[in-house]
K.L.:
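Please find one structure pasted underneath; my questions will follow.
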Amino acid sequence: MRFLGIETSCDETAAAVVVDGTQVVSSVVSSQVDLHARYGGVVPEVASRAHVEMLMPVVAQALVEAGVTGAEIDAVAATVGPGLIGSLLVGVSAAKSLSLVWDVPFVAVNHLEAHLYAAFLEEPTIELPLVVLLVSGGHTMLVSMEGHGQYRLIGQTLDDAAGEAFDKVARFLDLGYPGGPLIDRLSFDGDPRAIAFPRPMLNDGLDFSFSGLKTAVVNHVRKHPDVGAADVAASFQQAVVDVLVTKARRAASKIGARGICLAGGVAANSQLRMRILDVCEEDSLHAFIPSRSMCTDNAAMIAAAGYYCWQRHGASPIDTGADPNLRLSVL
Ligand code: KG4
Ligand code: ZN
């Protein structure tokens, strides 16, 4: 089954062709980062308009790079939520139109579920049960994955998402947008032990809280205006990674997982990737760390999740709507 995947939930316009949920034949991502950078964050109206302009050229490029025509596509999968409603509608409308024109199934995909599937694209034989640490700009979750479509939410953030904390701290330090990659890079020049920022809820279950940490960074910099930005970035990153790694490890031991899998944009973080590899080795767990381009938003993961969804449930009704608040459906 040759799936065309379409992703427009936030600020990346993406299309990909994936065969049988595992073979990525093309994956095109057009980022709107430059459009939003001057505002310090994603402006929803600007994002939807940019998706309208870019989507068909991106789909055309994905087909050309895959060496196929529309007539050779067997199904079209698109993100229906969660995300920005205006942005979602562009991808959903396009996907439904293409499925009608080509007379192939339309498959509605949950963006969070798609992030869980990113690792399967590179490692189709992952052994379950698995703890997935899903850390993105909008979500921070620990998911126990017991089978395809069988998820249990075992931990989540009570306030800010990890990526949101990276973006807010970067904005406060005047580093630019999006903050995660900039803090990641700057941290190589700083000392992670320079400032002892709090590790929120470290010894407390599997939930997270990052808004107090962000406030601690702001307070520290206001009190010590001469502190080096690299030391602040490295110490903040260390605090976030300490909490994420400790809880992922605790979750794996609690559910008797075979491995830990990273997903979502923050999974591109260099420190997080190294530390997860280290603890998995110590605890004799498999570490599944997708390549950076599979961690951040892309359409290959949408096509892959679409394939597994279609295997379980078949085509989605053509009147399925976009849902900005869609949740991960859990056991
Ligand atoms: O998954 P994603 O591309 O979009 C959402 O679904 O949210 O995640 C974007 C988030 C942003 O907050 C961005 O700052 C963060 O992922 N991010 C990183 C890194 N690369 C992206 N955070 C930390 N370190 C990185 N290298
Ligand atoms: Zn995402």
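One-based numbering, in listed order, for ligands and for the atoms of each. Counting begins at 1 with the first residue of the sequence.
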K.L.:
Does C10 have a non-hydrogen atom less than 4.0 Å from ligand 1?
P.N.:
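False for this residue.
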
K.L.:
Between R49 and E53, does at least one N-O distance fall below 4.0 Å, as a salt bridge requires?
P.N.:
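Between E53 and R49 there is no salt bridge, as every charged N stays at least 4.0 Å from the carboxylate O atoms.
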
K.L.:
Can D242 and R275 be counted as an ion pair, charged N to O under 4.0 angstrom?
P.N.:
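Here D242 pairs with R275 in a salt bridge, since their nearest N and O are under 4.0 Å apart.
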
K.L.:
Using non-hydrogen atoms of the residue, decide whether H115 is closer than 4.0 angstrom to ligand 1.
P.N.:
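Checking ligand 1 against H115, which is what was asked, there is a heavy-atom contact under 4.0 Å.
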
K.L.:
I need the atoms of ligand 1 closer than 4.0 Å to a non-hydrogen atom of T296, numbered in the order shown.
P.N.:
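That gives atoms 3 (O) of ligand 1.
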
K.L.:
For atom 7 (O) of ligand 1, find the nearest protein heavy atom and state the residue, atom name and distance (0.1 Å precision).
P.N.:
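Checking every protein heavy atom, the shortest distance to atom 7 (O) of ligand 1 gives G137 N, 2.8 Å.
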
K.L.:
Got the closest protein heavy atom to atom 24 (N) of ligand 1, with its distance?
P.N.:
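Result for atom 24 (N) of ligand 1: N269 ND2, 3.0 Å.
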
K.L.:
Does the pair E164/K214 count as a salt bridge with the N-to-O cut at 4.0 Å?
P.N.:
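Salt bridge between E164 and K214, a charged N being under 4.0 Å from a carboxylate O: no.
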
K.L.:
Give me the atom names and distance for the closest heavy-atom approach of L128 to R258.
P.N.:
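In this case the closest contact between L128 and R258 is O-CG, 3.5 Å.
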
K.L.:
When only distance counts, is G163 in polar contact with ligand 1, meaning an N/O pair under 3.5 Å?
P.N.:
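So ligand 1 has an N or O lying under 3.5 Å from an N or O of G163.
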
K.L.:
Using side-chain contact (heavy atoms from CB on, under 4.5 Å) as the criterion, point out the one residue from L331, L130, I154, L206 that pairs with S144.
P.N.:
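Result for side-chain contact (heavy atoms from CB on, under 4.5 Å) with S144: I154.
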
K.L.:
Just to confirm my output: which protein heavy-atom neighbour is closest to atom 18 (C) of ligand 1, and how far is it?
P.N.:
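I find the closest protein heavy atom is G180 CA, 3.5 Å.
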
K.L.:
Which protein non-hydrogen atom lies closest to atom 26 (N) of ligand 1, naming both residue and atom, and how far is it?
P.N.:
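I find the closest protein heavy atom is D184 OD2, 2.9 Å.
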
K.L.:
Quick one: pull up CG in D20 and CE in M1 and give me the separation to the nearest 0.5 Å.
P.N.:
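CE of M1 is found 8.5 Å from CG of D20.
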
K.L.:
Under the salt bridge (Lys or Arg N to Asp or Glu O under 4.0 Å) rule, what pairs show up with a residue in residues 136-151, not counting sequence neighbours?
P.N.:
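Qualifying pairs, neighbours excluded: E146-R152.
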
K.L.:
Please state which protein non-hydrogen atom is closest to atom 13 (C) of ligand 1 and give its distance, to 0.1 Å?
P.N.:
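Protein heavy atom with the smallest distance to atom 13 (C) of ligand 1: D167 OD1, 3.8 Å.
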
K.L.:
Counting only N and O atoms by type, is there a donor-acceptor contact under 3.5 Å from the side chain of S209 to the main-chain atoms of P200?
P.N.:
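Judged by distance alone, no pair lies under 3.5 Å.
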
K.L.:
Side chains of P82 and P324: closer than 4.5 Å at any heavy-atom pair?
P.N.:
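Counting from C-beta outward, P82 and P324 never come under 4.5 Å.
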
K.L.:
Considering only non-hydrogen protein atoms, determine which one is nearest to atom 4 (O) of ligand 1 and report residue, atom name and distance to 0.1 Å.
P.N.:
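Heavy-atom neighbour on the protein nearest atom 4 (O) of ligand 1: D297 OD2, 3.1 Å.
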
K.L.:
Which of these, G265, A267, C295, G41, has its nearest heavy atom closest to atom 17 (N) of ligand 1?
P.N.:
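Answer by nearest heavy atom: G265.
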
K.L.:
Report the part of H111 in contact with ligand 1, treating N, CA, C, O as backbone and CB onward as side chain, heavy atoms under 4.0 Å; options are side chain, backbone, both, neither.
P.N.:
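Only the side chain of H111 comes within reach of ligand 1.
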
K.L.:
Treat each ILVMFWY residue as a node, draw an edge where side-chain heavy atoms are under 4.5 Å apart, and state whether V266 and V240 are in one component.
P.N.:
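Looking at the clustering, V240 is in the same group as V266.
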
K.L.:
Do V92 and I302 sit in the same hydrophobic cluster, where Ile, Leu, Val, Met, Phe, Trp and Tyr count as joined when their side-chain heavy atoms come under 4.5 Å apart?
P.N.:
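V92 and I302: separate clusters.
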
K.L.:
Relative to the ring of F3, is the ring of Y307 parallel (under 30°), tilted (30 to 60°) or perpendicular (over 60°)?
P.N.:
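Geometry flag for F3 against Y307: perpendicular rings.
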
K.L.:
Within the 4.0 Å heavy-atom shell around G138, which atoms of ligand 1 are there?
P.N.:
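Under 4.0 Å from G138, ligand 1 has these atoms: 7 (O).
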
K.L.:
Distances under 2.8 Å only: what protein N/O/S atoms are near the Zn ion (ligand 2), ordered by chain and residue?
P.N.:
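Near the Zn ion (ligand 2), the protein supplies H111 NE2, H115 NE2, D297 OD1.
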
